[in-house]
Amino acid sequence: MMATCPLCASAETAFYHRDERRDYRHCRRCDLVFVPPAFRLSPAEERAVYDQHENSPDDLGYRRFLGRLFEPLRARLAPGARGLDFGAGPGPTLSVMFEEAGHPMAIYDPFYAPDAGVLEEEYDFITATEVAEHLFAPGEVLTRLAGRLRPGGWLGLMTKRTTTREAFARWHYILDPTHVGFFSEASFQWLAESLGMSVAFPAADVVLLQKPGEVEQR
């Protein structure tokens with residue numbers, strides 16, 4: 001089965017792994033490992049999985065988990081910087097954390113907050129925590145998000161990264177049927193280069209990409 005890479009659109013992909021439910025392919029150009037379209041869930045099946053999530057701003061453990069992205073990103077933001085939490089899920093929490101820190105936030109989620117109008121606005125920073133691995137078209141989506149950043153803006157992502165083929169085969173992360181794209185550090189370096197952004201890895205599973213340009217003071 002041939003499949004084009006959903007991150008960089010390369011046709012240079014090869015078989016990587018197979019388990020009881022689906023196949024996984026590897027892109028030689030950008031190092032993404034992905035699930036071919038034939039193995040994806042339907043929107044209704046996806047929604048049924050997400051409806052089981054019970055994340056909440058009242059969950060201190062969940063706040064600590066999100067803190068791995070929140071803390072290094074907040075430290076880089078100007079006072080009052082405005083953000084968007086993309087893929088906020090059924091219990092938006094990261095947006096609450098940033099608002100508590102003085103940063104106005106918009107939220108978007110295709111199932112739970114589907115107002116696409118917020119995707120037409122510009123932001124000082126955009127976050128997507130535990131989202132990248134769910135995207136059917138990560139190249140298209142992440143490019144669009146980067147395009148909504150003001151000069152000097154930040155795109156903060158949180159997703160577990162691949163390491164070796166042997167580790168992938170026994171990785172719990174691939175057991176979630178809604179996880180269809182698996183990035184390595186090299187994948188994010190490829191993405192940063194393609195978008196003309198700088199990239200940093202300040203904490204486990206965290207990626208910060210910055211758009212060039214001077215941050216406007218408001």
Side-chain angles (χ1 to χ4, degrees), residues 6-8 32 50 55 57 62-63 65-161 181 183 185 187-203 205-218:
L7 178 59
C8 71
L32 186 79
Y50 301 146
N55 299 325
Y62 187 48
R63 280 179 174 251
F65 170 75
L66 295 174
R68 281 187 284 166
L69 173 62
F70 173 74
E71 294 296 348
L73 180 52
R74 180 181 63 162
R76 291 164 166 83
L77 298 177
R82 180 169 178 262
L84 166 70
D85 188 23
F86 180 86
T93 299
L94 187 60
S95 58
V96 174
M97 293 167 65
F98 275 110
E99 287 184 338
E100 290 170 348
H103 298 289
M105 295 291 294
I107 63 171
Y108 175 80
D109 189 282
F111 294 109
Y112 303 103
D115 176 11
V118 300
L119 301 179
E120 303 304 320
E121 300 179 30
E122 290 190 332
Y123 301 93
D124 301 302
F125 67 100
I126 297 174
T127 58
T129 56
E130 296 296 309
V131 169
E133 67 274 15
H134 300 278
L135 298 175
F136 291 169
E140 177 183 329
V141 173
L142 296 176
T143 297
R144 183 179 183 187
L145 293 181
R148 306 321 302 166
L149 290 170
R150 296 189 179 99
W154 293 91
L155 177 59
L157 308 176
M158 190 170 175
T159 185
K160 292 190 178 299
R161 296 196 286 270
F183 295 70
E185 190 168 305
S187 302
F188 286 118
Q189 289 169 337
W190 179 91
L191 177 65
E193 184 175 346
S194 71
L195 295 175
M197 301 174 74
S198 61
V199 63
F201 303 94
D205 310 331
V206 174
V207 186
L208 295 180
L209 299 104
Q210 186 179 29
K211 193 169 188 174
E214 293 295 324
V215 177
E216 295 180 12
Q217 299 298 321
R218 285 188 296 281

More than 12 foreign heavy atoms under 6.0 Å from CD of E122: is that the case here?
-> yes
In terms of heavy-atom contacts, R74 and A101 come closest through CD-CB, 3.9 Å
Partners passing salt bridge (charged side-chain N to carboxylate O under 4.0 Å, His left out) against E214 (at least two apart in sequence or in another chain) | none
Apply side chain to side chain donor-acceptor pair (under 3.5 Å) to T159 and list each qualifying residue two or more places apart in sequence or on a separate chain.
-> E133, Y173
Compare all side-chain heavy atoms of W190 with those of L7 and state whether any distance is below 4.5 angstrom.
-> yes
Any side-chain heavy-atom pair from F86 and L119 closer than 4.5 angstrom?
-> yes
Return yes when atom CD of E140 has more than 12 non-hydrogen atoms of other residues, nucleotides or ligands closer than 6.0 Å, and no otherwise.
-> no
Fit a plane to each ring of F188 and F183, take the angle between them on a 0 to 90° scale, and name the class: parallel (under 30°), tilted (30 to 60°) or perpendicular (over 60°).
-> parallel
Side-chain touch T93/T129, heavy atoms, less than 4.5 angstrom = no
Nearest heavy-atom neighbours spanning E121 and R148 = O-NE, 3.1 Å
So do M197 and L149 actually touch side chain to side chain, heavy atoms under 4.5 Å?
-> yes
In Å and rounded to the nearest 0.5 Å, what is the CG to CG distance from L155 to L195?
-> 8.0 Å
Residues forming a salt bridge (charged side-chain N to carboxylate O under 4.0 Å, His left out) with R63, sequence neighbours excluded = E100
Is any side-chain heavy atom of D109 closer than 4.5 Å to a side-chain heavy atom of Y50?
-> no
For residues V118 and I107, report the shortest heavy-atom separation together with the two atoms involved.
-> CG2-O, 3.8 Å
Is there side-chain contact between L32 and P6, with heavy atoms separated by less than 4.5 Å?
-> yes
What residues, two or more places apart in sequence or in another chain, satisfy salt bridge (charged side-chain N to carboxylate O under 4.0 Å, His left out) together with R76?
-> none
Ionic contact status for E120 with R144, cut-off 4.0 Å | yes
Polar side-chain atom of D124 near backbone of R82 as donor-acceptor pair, under 3.5 Å = yes
Once you round to the nearest 0.5 Å, how far does NE2 of H103 lie from OG1 of T127?
-> 11.5 Å
For L84 and Y108 the tightest heavy-atom approach is CD1-N, 4.0 Å
Are the side chains of E130 and F65 in touch, meaning some heavy atoms are under 4.5 Å apart?
-> yes
Sorted by chain and residue number, the side-chain contact (heavy atoms from CB on, under 4.5 Å) partners of V199 (sequence neighbours excluded) come out as Q189, A192, F201, V207, L209
Please step through side-chain contact (heavy atoms from CB on, under 4.5 Å) for the pair L208 and L69, ending with a clear verdict.
-> CA-CA 9 Å; L208 295 180; L69 173 62; 3.7 Å; yes
Locate the shortest heavy-atom distance separating P92 from P57; write the atom from each residue and the value.
-> O-CG, 3.2 Å
Least distance between heavy atoms, L66 atom then L94 atom = CD1-N, 3.7 Å
Can you tell me how far the CE atom of M105 sits from the CD1 atom of I126, to the nearest 0.5 Å?
-> 9.5 Å
Can you name the salt bridge (charged side-chain N to carboxylate O under 4.0 Å, His left out) partners of K160, sequence neighbours left out?
-> D205
